[in-house]
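I have placed the structure first, in the form of structure tokens, so that the comments after it can refer back to it.
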Amino acid sequence: MKRIETLSAAQARRIALVAQGFGGARPAAVGPARLHAAMARMGALQIDSVNVFARSHYLPHYARLGPYDRDALDRMLFGRRARYVEYVAHEAALIPADDWALWRFRMDDFRARYGEWARAHAPTLDRLRAELSTRGAVRPSDLHEDAPRAPRGPWWDWDDVKRGLEMMWRFGEVAIAERRGFERSYALAERVVPAEALARDVSRADAILELVRRAARAYGVATASDLADYYRLKARDVAPALAQLAEAGELLPVRVAGWERGGRPLTAWLHRDAPVPRRLDRVALLTPFDPVVWFRDRALRMFGFDYRIEIYVPAHRRRFGYYSLPVLVGDRLAARVDLKADRAGSTLLVQSAWWEPDAPAEAAERIAAELRRAAAWQGLEQISVSGWGDASHDIAQALPGARRHDHPRAPLAPAIPFPPAQTEQAS
């Protein structure tokens, strides 16, 4: 029997972070080639509508590459003849348009799951197909505005129209043609997806094998459940793919110190091409939907980072803040900061800041420097730090000249040495 190698927890963290694009220094300049390369490394870019500091899909490239032109990313992702298209890859995510056929098994699964609904709403779906064929790309609001002023019926029932477009997208009949603001425009898939990708035939087994292979490359080292979650695959489908990749030598079984369940060590899989760096020196703000942290079990196992998004938690019950971002320092998640862009006041508001256990001694200075870069990237001229969180005072001290503001959960303590003239109120 082949001997199973053992990795330390720190080695596993560094392997995973380098696989995700956090190795080496950030580039001096970021052009289209680097933006495409980051997409290729991640494999999927999850989309979320929350826009407090910056929309989620802008942050993974910033975390890996540093400041870049967001308009350039928009053109790359959403422009005409874009190389990317949206589908349910993790959740709603941008993927290479050429990969459309890899997801046909999921489209078939959606058709099977919602077949009864589709049959019950066949007239609505037929009318949608006719509208899309005649009009090209449309927004749901376009259909709503053009609806006849008549009692709601089986076609113009607004909820059915919106859900019908969403279902047809999941079924693979339509694709997202563009976004205006953040509203989707839908079009027939053949008008968005390259013809070769539409015509390609990929079996379920081959598609899952390829997706597990990509997840393993993107994670560097991972458990079976990690690999299943990357593209939201079923464990029963992942197991045969793992066996095949291991037999081919693409994945190597390893143990990682501390990776256990019920007191028993978990088998992990190391990608054969994954480097094992001795150190890693990066500071980065991560979106909650970054692949580094989007699987909460993995974030807890790998970083000791217990993460919950508190957007839907009542304000008085939030522990860390509305949209708290994990902060990478070195190979650890050292802190979390809740950021808000006050566009009218051209100010980056640090609504709360919290330390994680074992944060490096120099973390406050390094996070402060990253906040300055992030504010400049967003075109914000000032930074203001609230008094909420055990890291807020340390980070404020590392930001000479930063303003302070009260937070409803934690008004500033009088002992914090900032002149009253610099204090602002912010919600």
Side-chain angles (χ1 to χ4, degrees), residues 16-49 54-103 106 169 175-179 182 184 192-194 196-197 200 202 207 210-220 222 226-227 229-233 271 273-275 282 284-295 325 328 377:
L17 289 166
V18 169
Q20 275 293 313
F22 290 95
R26 283 171 166 171
V30 179
R34 290 191 183 276
L35 294 174
H36 283 299
M39 279 292 294
R41 190 182 287 271
M42 289 184 285
L45 185 64
Q46 188 170 336
I47 300 171
D48 186 77
S49 62
R55 292 200 188 278
S56 181
H57 67 275
Y58 291 125
L59 286 174
H61 284 83
Y62 174 74
R64 288 155 178 78
L65 302 173
Y68 68 91
D69 181 354
R70 285 170 293 162
D71 290 340
L73 186 67
D74 282 344
R75 291 191 296 271
M76 183 181 105
L77 298 176
F78 304 116
R80 295 187 182 278
R81 300 185 182 88
R83 287 162 49 179
Y84 302 93
V85 69
E86 296 181 37
Y87 195 62
V88 191
H90 183 75
E91 294 295 333
L94 287 149
I95 60 168
D98 288 342
D99 286 348
W100 187 260
L102 282 179
W103 300 98
R106 181 156 293 168
W169 173 59
I176 310 303
E178 62 178 337
R179 283 181 180 264
F182 206 68
R184 290 166 163 171
V192 178
V193 180
E196 290 183 5
R200 191 176 303 126
V202 182
E210 179 59 24
L211 292 173
V212 173
R213 175 184 284 118
R214 294 185 186 188
R217 188 183 306 119
Y219 264 161
D226 295 339
L227 298 174
D229 180 80
Y230 205 91
Y231 291 115
R232 297 294 169 86
L233 303 172
H271 193 276
D273 297 330
R282 278 293 192 97
L285 301 170
L286 304 179
T287 170
F289 307 111
D290 192 292
V292 172
V293 294
W294 66 14
F295 185 34
L325 306 182
L328 176 71
W377 174 58

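The first residue of the sequence shown is numbered 1, and numbering continues consecutively from there. In this text, all values refer to a predicted model and were calculated from it rather than measured experimentally. Note: hydrogens, waters and symmetry copies are ignored here, and every other heavy atom, side chains too, is used.
- Contact check for Leu328 versus Val292: no side-chain heavy atoms found under the 4.5 Å cut-off.
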- Stepwise, does the side chain to side chain contact (heavy atoms under 4.5 Å, CB included) test hold for Leu73 with Met39? CA-CA 11 Å; Leu73 186 67; Met39 279 292 294; 5.5 Å; no
- Task: Could you walk me through whether Ile176 and Val192 pass side chain to side chain contact (heavy atoms under 4.5 Å, CB included), step by step?
- Result: CA-CA 8 Å; Ile176 310 303; Val192 178; over 6 Å; no
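- The residues Asp74 and Arg55 are annotated as not salt-bridged, no charged nitrogen and carboxylate oxygen being separated by less than 4.0 angstrom.
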- Message: Apply side chain to side chain contact (heavy atoms under 4.5 Å, CB included) to residues Asp69 and Met76 and explain how you reach the verdict.
- Response: CA-CA 11 Å; Asp69 181 354; Met76 183 181 105; over 6 Å; no
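- Partners of Glu210 according to the salt bridge (Lys or Arg N to Asp or Glu O under 4.0 Å) rule, which considers only residues two or more places apart in sequence or in another chain, are Arg213, Arg214.
- With sequence neighbours excluded, the residues that form a ring pair (Phe, Tyr, Trp, His ring centres under 6.0 Å) with Phe78 are His57.
- The salt bridge (Lys or Arg N to Asp or Glu O under 4.0 Å) search around Arg282 returns none, not counting sequence neighbours.
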- Item | Worked verdict on Asp290 versus Leu59 for side chain to side chain contact (heavy atoms under 4.5 Å, CB included) | CA-CA 8 Å; Asp290 192 292; Leu59 286 174; over 6 Å; no
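- The ring pair (Phe, Tyr, Trp, His ring centres under 6.0 Å) check on Tyr58 picks up nothing, with sequence neighbours excluded.
- The side-chain hydrogen bond (donor to acceptor under 3.5 Å, both in side chains) search around His271 returns none, not counting sequence neighbours.
- Residues Ile95 and Ala44 approach most closely at CG2-CB, 4.3 Å, considering heavy atoms.
- Note: Leu77 CG to Glu178 CD = 13.5 Å, rounded to the nearest 0.5 Å.
- With contacts defined as side-chain heavy-atom distances shorter than 4.5 Å, the pair Glu91/Phe289 does not qualify.
- Under the rule for a salt bridge (Lys or Arg N to Asp or Glu O under 4.0 Å), Arg217 has no partner lying at least two apart in sequence or in another chain.
- Of the inter-residue distances, the one linking His36 atom NE2 with Arg83 atom CZ reads 4.0 Å to the nearest 0.5 angstrom.
- In plain terms, the two heavy atoms of Ala207 and Val202 that are nearest each other are N-CG1, 3.7 Å.
- Side-chain contact between Val88 and Trp169 is present, with at least one heavy-atom pair separated by less than 4.5 Å.
- Scanning all heavy atoms of the two residues, the minimum distance from Trp377 to Tyr68 falls at NE1-O, 2.9 Å.
- Residue Trp294 holds its CH2 atom at 10.5 Å from OG1 of Thr287, rounded to the nearest 0.5 Å.
- Between the CG atom of Leu65 and the CG atom of Leu35 there is a distance of 6.5 Å, given to the nearest 0.5 Å.
- Partners of Ala19 under the side chain to side chain contact (heavy atoms under 4.5 Å, CB included) rule, at least two apart in sequence or in another chain, do not exist in this structure.
- Using a 4.5 Å heavy-atom threshold, the side chains of Gln20 and Met42 count as touching.
- For Tyr231, the ring pair (Phe, Tyr, Trp, His ring centres under 6.0 Å) criterion is met by Trp103, not counting sequence neighbours.
- Residue pairs meeting the side chain to side chain donor-acceptor pair (under 3.5 Å) criterion with at least one member in residues 38-48: none, sequence neighbours excluded.
- For the side chain to side chain contact (heavy atoms under 4.5 Å, CB included) test, residues two or more places apart in sequence or in another chain that qualify with Pro194 are Ala97, Asp98, Ala197.
- For the pair Leu45 and Pro60, the tightest heavy-atom approach, listed with the atom from each and the gap, is CD1-CG, 3.7 Å.
- Among all heavy-atom pairs drawn from Asp226 and Tyr219, the shortest one is O-CE1, 3.4 Å.
- Proximity of a side-chain donor or acceptor of His90 to a complementary backbone N or O of Asp229 within less than 3.5 Å is detected.
- For Arg184, the salt bridge (Lys or Arg N to Asp or Glu O under 4.0 Å) criterion is met by Glu86, Glu166, not counting sequence neighbours.
- To the nearest 0.5 Å, the span separating CG on Leu286 from CG on Leu325 amounts to 8.0 Å.
- Contact record, Val193 with Ala175: CG2-CB, 4.2 Å, taken as the closest heavy-atom pair.
- Residue pairs meeting the salt bridge (charged side-chain N to carboxylate O under 4.0 Å, His left out) criterion with at least one partner in residues 19-39, sequence neighbours excluded, are Arg26-Glu370.
- Looking at heavy atoms from C-beta onward, Pro67 lies in side-chain contact with Tyr62 at the 4.5 angstrom threshold.
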